[in-house]
Amino acid sequence: SHQAESPATVSVQSAINTIAAALVFNELSHEDGYDAFDADEDGKVSLSDLRAAASQLELDISEWSCKTLVESLDSEKMGFIPKEAWMEAMGAANTEDILKSRGI
C-alpha cells in the first residue's frame, strides 16, 4: 500500500528543520551550511547538491522532500536555492524538537 505524502508545506518545513538541526549539530553557521551543502562547489545549492549532502549527513529527507524544498525556495525558478532564501529559511527553522528527539 502506497502512503500519501504529507502536505508539501509540512514536508518542506520538516526538511528545513532537519537541515538546520544538522547545521547546529555540526556547529556550522547558516552561511557555512550553504557552502557545505554545495556539493559540486559551484556557489549554488542545486537539487543534486541537496540530495548528496542529505545522503552524506544521513539526514532523513526523502527525494520528494528535497525536490519540493528546492522548488519552494527557488522562487525565481533558477534551478537552485538562492543563498538569501536559504539563510531566511534556516533562520526561521525550529531545530529544538529535532535535536531533542535525537537526545541532544
Side-chain angles (χ1 to χ4, degrees):
S1 65
H2 182 74
Q3 273 194 309
E5 289 281 0
S6 57
T9 47
V10 173
S11 180
V12 165
Q13 193 54 55
S14 160
I16 289 169
N17 293 346
T18 301
I19 293 168
L23 299 185
V24 170
F25 182 71
N26 289 289
E27 297 180 353
L28 288 170
S29 69
H30 298 150
E31 190 152 5
D32 290 343
Y34 186 87
D35 296 337
F37 271 71
D38 174 18
D40 59 10
E41 298 183 352
D42 65 352
K44 306 189 277 274
V45 174
S46 64
L47 176 57
S48 59
D49 289 334
L50 189 63
R51 279 201 308 246
S55 149
Q56 192 181 358
L57 292 169
E58 297 178 4
L59 301 180
D60 188 20
I61 303 174
S62 70
E63 171 82 22
W64 185 85
S65 292
C66 282
K67 192 170 176 297
T68 311
L69 175 60
V70 172
E71 283 169 4
S72 73
L73 294 181
D74 176 18
S75 56
E76 308 275 315
K77 305 282 173 265
M78 294 180 288
F80 63 90
I81 301 172
K83 188 176 267 190
E84 304 73 51
W86 171 276
M87 301 286 284
E88 200 174 305
M90 294 303 140
N94 170 8
T95 56
E96 215 172 287
D97 296 345
I98 288 172
L99 293 171
K100 260 192 214 146
S101 75
R102 297 192 176 183
I104 297 162

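Worth knowing before you read on, the calculation uses all heavy atoms, side chains too, and leaves out hydrogens, waters and symmetry mates.
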Tell me whether [X] shares a hydrophobic cluster with [Y], the cluster being built from Ile, Leu, Val, Met, Phe, Trp, Tyr side chains joined at under 4.5 Å.
X: Phe80; Y: Ile16; answer: yes
X: Leu59; Y: Val12; answer: yes
X: Val24; Y: Ile98; answer: no

Is a donor on one side and an acceptor on the other found under 3.5 Å between the side chain of [X] and the backbone of [Y]?
X: Asp42; Y: Lys44; value: yes
X: Asp74; Y: Val70; value: no
X: Asp49; Y: Asp40; value: yes

Check against side chain to side chain contact (heavy atoms under 4.5 Å, CB included), Thr18 and Asp60: CA-CA 8 Å; Thr18 301; Asp60 188 20; 5.5 Å; no
Full working for side chain to side chain contact (heavy atoms under 4.5 Å, CB included) between Met90 and Thr95: CA-CA 9 Å; Met90 294 303 140; Thr95 56; over 6 Å; no
Between [atom1] of [X] and [atom2] of [Y], what distance do you get to the nearest 0.5 Å?
X: Asp97; Y: Ser14; atom1: CG; atom2: OG; answer: 10.5 Å
X: Arg51; Y: Ser46; atom1: CZ; atom2: OG; answer: 8.5 Å
X: Tyr34; Y: Glu84; atom1: OH; atom2: CD; answer: 7.5 Å
X: Ile19; Y: Ile61; atom1: CD1; atom2: CD1; answer: 4.0 Å
X: Leu23; Y: Trp86; atom1: CG; atom2: CH2; answer: 5.5 Å
X: Lys83; Y: Leu73; atom1: NZ; atom2: CG; answer: 14.5 Å

Nearest heavy atoms of Leu28 and Ala36, plus distance in Å: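 Shortest heavy-atom contact: CD1-CB, 4.1 Å.
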Closest heavy-atom pair and its distance - Phe37, Ala54: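 Distance-wise, the nearest heavy atoms are CE2-N, 4.4 Å.
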Verdict with supporting geometry, Asn26 and Leu57, side chain to side chain contact (heavy atoms under 4.5 Å, CB included): CA-CA 10 Å; Asn26 289 289; Leu57 292 169; 4.2 Å; yes
Within 6.0 angstrom of Glu71 CD, more than 12 heavy atoms from elsewhere: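 Enclosed.
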